[in-house]
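Sequence lines set the chain letters: A, B, ... in the order given, protein chains first and strands last, and positions in each chain run from 1. When reading the values below, keep in mind they use all heavy atoms of this one structure, side chains included, and skip hydrogens, waters and symmetry mates. Only a predicted model underlies this, so the values are computations on that prediction, with no experimental measurement involved.
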Protein chains: 2
Amino acid sequence: MKAVDILNNHNLKRTSCREGIIEVVMISRQALSENEIREQLVGNYDRTTFYRSFKTLEEHKIIHKIVVDNQCVKYALDNTITHKGEHAHFYCNTCDSVQCMDKVPIQKYQLPDGYSDIETEVLIKGTCSNCKQENN
Amino acid sequence: MKAVDILNNHNLKRTSCREGIIEVVMISRQALSENEIREQLVGNYDRTTFYRSFKTLEEHKIIHKIVVDNQCVKYALDNTITHKGEHAHFYCNTCDSVQCMDKVPIQKYQLPDGYSDIETEVLIKGTCSNCKQENN
DNA sequence: CTGTGTGCAAACACTTTGCAGGTGT
DNA sequence: ACACCTGCAAAGTGTTTGCACACAG
């Protein structure tokens with residue numbers, strides 16, 4: 001699936017900014033921050049444009065946002081595109097990377113009577129395999 | 001355990017702001033935002049003072065911060081005070097409340113090789129028992 | 001051609017920092 | 001008395017909004 005097709009499928013206009021964001025995020029094995037995305041894009045875009053593009057892509061469930069500690073914001077391809085289901089996110093304290101743990105499904109939590117759950121977010125913090133190696 | 005004792009135990013000076021925050025948070029069954037805390041406090045305090053007080057109390061593990069969707073910030077008594085262990089947090093989409101699910105322990109997630117976890121945050125979003133009743 | 005996306009400037013909200021003066025111990 | 005807390009002003013940062021122009025369909 002190409003970025004252009006994704007945009008078409010969602011009836012979104014094909015603009016270089018949107019297309020670029022999707023491509024960059026699609027290739028990356030990690031969730032990326034606005035700046036990391038900017039670095040990998042060919043054109044140069046205003047911050048406002050990024051914000052609006054992220055918002056649009058998020059609303060159409062093309063990408064999803066992961067927030068760590070109220071300040072670090074990263075984006076990754078959404079489940080509806082990857083078809084990998086709901087998963088936990090991993091944040092590495094050492095290298096600040098965020099990874100979608102496709103193989104770590106969200107577990108079911110038993111809530112008290114009267115509570116109904118719609119969505120569960122799991123963020124695991126620790127050291128990723130890359131950073132662990134470097135410590136040895 | 002009174003608020004004053006908690007401050008003493010952590011070698012923190014007893015100021016009305018800190019004492020008030022702890023008392024309000026301790027009584028509440030829900031996590032509270034800065035404004036919700038302000039409303040229940042007797043004195044009036046500058047935002048800066050709040051920020052610094054929250055920071056201090058957080059660093060001493062007297063309260064902990066829960067962030068929903070990168071914008072909604074709430075505070076609750078920390079585990080080390082309540083002695084109730086790590087638990088999931090519940091966010092009600094209807095009334096915007098955040099509750100500590102003392103009875104919902106964090107489950108163990110099996111990470112890929114090389115990853116080590118230090119801390120796991122679980123935020124369950126849905127409808128709380130209060131809001132469910134009102135719909136009936 | 002028409003509606004939508006983009007860039008720029010300005011506004012806004014949250015948080016942090018510096019400093020002078022006040023308070024707890 | 002001294003260290004530290006507080007309030008105020010200002011700066012810093014992330015995000016949103018209004019508007020004119022550009023571009024996709």
Side-chain angles (χ1 to χ4, degrees), chain A residues 2-25 31-60 62-75 91 96 98, chain B residues 2-25 31-39 41-60 62-75 96 98:
Chain A
K2 301 274 291 180
V4 190
D5 301 323
I6 296 174
L7 287 172
N8 283 335
N9 291 346
H10 289 81
N11 290 318
L12 290 174
K13 285 194 177 167
R14 170 190 186 179
T15 70
S16 58
C17 184
R18 291 175 181 173
E19 196 179 342
I21 291 174
I22 296 176
E23 278 170 359
V24 170
V25 166
L32 300 173
S33 67
E34 181 200 329
N35 276 330
E36 290 163 340
I37 293 173
R38 170 174 284 117
E39 287 166 9
Q40 296 184 45
L41 275 185
V42 283
N44 201 22
Y45 299 95
D46 190 81
R47 275 199 103 177
T48 313
T49 306
F50 268 115
Y51 283 122
R52 286 193 272 229
S53 299
F54 288 136
K55 195 176 176 207
T56 304
L57 296 178
E58 223 189 327
E59 285 169 350
H60 286 79
I62 295 171
I63 62 174
H64 73 280
K65 179 153 77 164
I66 305 145
V67 180
V68 183
D69 287 337
N70 197 26
Q71 209 52 270
C72 167
V73 180
K74 305 250 184 175
Y75 300 92
Y91 172 73
D96 272 333
V98 172
Chain B
K2 301 274 290 183
V4 190
D5 301 323
I6 296 174
L7 287 172
N8 284 335
N9 291 346
H10 287 80
N11 290 318
L12 290 174
K13 285 196 175 163
R14 170 191 187 180
T15 70
S16 58
C17 183
R18 291 175 180 172
E19 196 180 341
I21 292 174
I22 296 176
E23 278 171 359
V24 170
V25 166
L32 300 173
S33 68
E34 181 199 329
N35 276 331
E36 289 163 340
I37 293 174
R38 170 175 284 116
E39 287 168 10
L41 276 186
V42 282
N44 201 22
Y45 300 95
D46 190 81
R47 271 198 108 172
T48 313
T49 304
F50 268 115
Y51 283 122
R52 287 194 272 229
S53 299
F54 288 136
K55 196 178 174 204
T56 304
L57 296 178
E58 224 188 328
E59 285 169 351
H60 284 80
I62 295 171
I63 61 174
H64 73 280
K65 180 155 77 165
I66 305 143
V67 180
V68 184
D69 287 337
N70 197 26
Q71 208 52 270
C72 167
V73 180
K74 305 250 185 175
Y75 300 92
D96 272 332
V98 173

- prompt: How many angstroms lie between atom NZ of B/K55 and atom NE2 of B/H60, to the nearest 0.5 angstrom?
  reply: 12.0 Å
query: Between atom CD in A/E19 and atom P in D/dA24, what is the gap in whole Å?
result: 11 Å
message: Could you measure the distance from the CD1 atom of B/I21 to the CG atom of B/L32? Nearest 0.5 Å is fine.
response: 11.0 Å
- line: So CG of B/L57 and CD1 of B/I22: to nearest 0.5 Å the spacing works out to 5.0 Å
Taking only N/O atoms, report every protein-nucleotides 5-14 of chain D pair under 3.5 Å with atom names and distance.
unit_1	atom_1	unit_2	atom_2	d
D/dC5	OP1	B/R18	NH1	3.2
D/dC5	OP1	B/R18	NH2	2.9
D/dC5	O5'	B/R18	NH2	2.8
D/dT6	OP1	B/T15	OG1	3.0
D/dG7	OP2	B/D46	N	3.3
D/dG7	OP2	B/T49	OG1	2.5
D/dG7	N7	B/R52	NH2	3.2
D/dG7	O6	B/R52	NH2	2.6

query: Could you give the OH-to-P distance, from B/Y75 to C/dC14, as a whole number of Å?
result: 12 Å
query: Taking atom NE2 of B/H10 and atom CG of B/D5, what is their separation to the nearest 0.5 Å?
result: 12.0 Å
Whole-Å distance separating the CG atom of A/N35 from the P atom of D/dT15: 11 Å
- request: Say whether A/S33 and A/N35, considering side chains only, have a donor N or O and an acceptor N or O under 3.5 Å apart.
  value: no
Rounded distance (Å) that lies between atom P of C/dG3 and atom CG of A/N11: 17 Å
Considering all heavy atoms, the nearest B/R18-B/L12 contact: NH1-CB, 3.9 Å
field: Length of the line joining A/H10:NE2 and C/dG5:P, which is rounded to integer Å
entry: 15 Å
- request: Quickly work out the A/E34 CD to D/dT15 P distance and round it to whole Å.
  value: 7 Å
- prompt: In degrees, rounded to 10°, what is the bend between the two ends of the helix from C/dC1-D/dG25 to C/dT25-D/dA1, using five pairs at each?
  reply: 40°
- prompt: Can you name the nearest heavy-atom pair linking A/R38 to A/Y45, along with the distance?
  reply: NH2-O, 3.3 Å
task: Without swapping roles, check the side chain of A/D46 against the backbone of A/T48 for a donor-acceptor pair under 3.5 Å.
output: yes
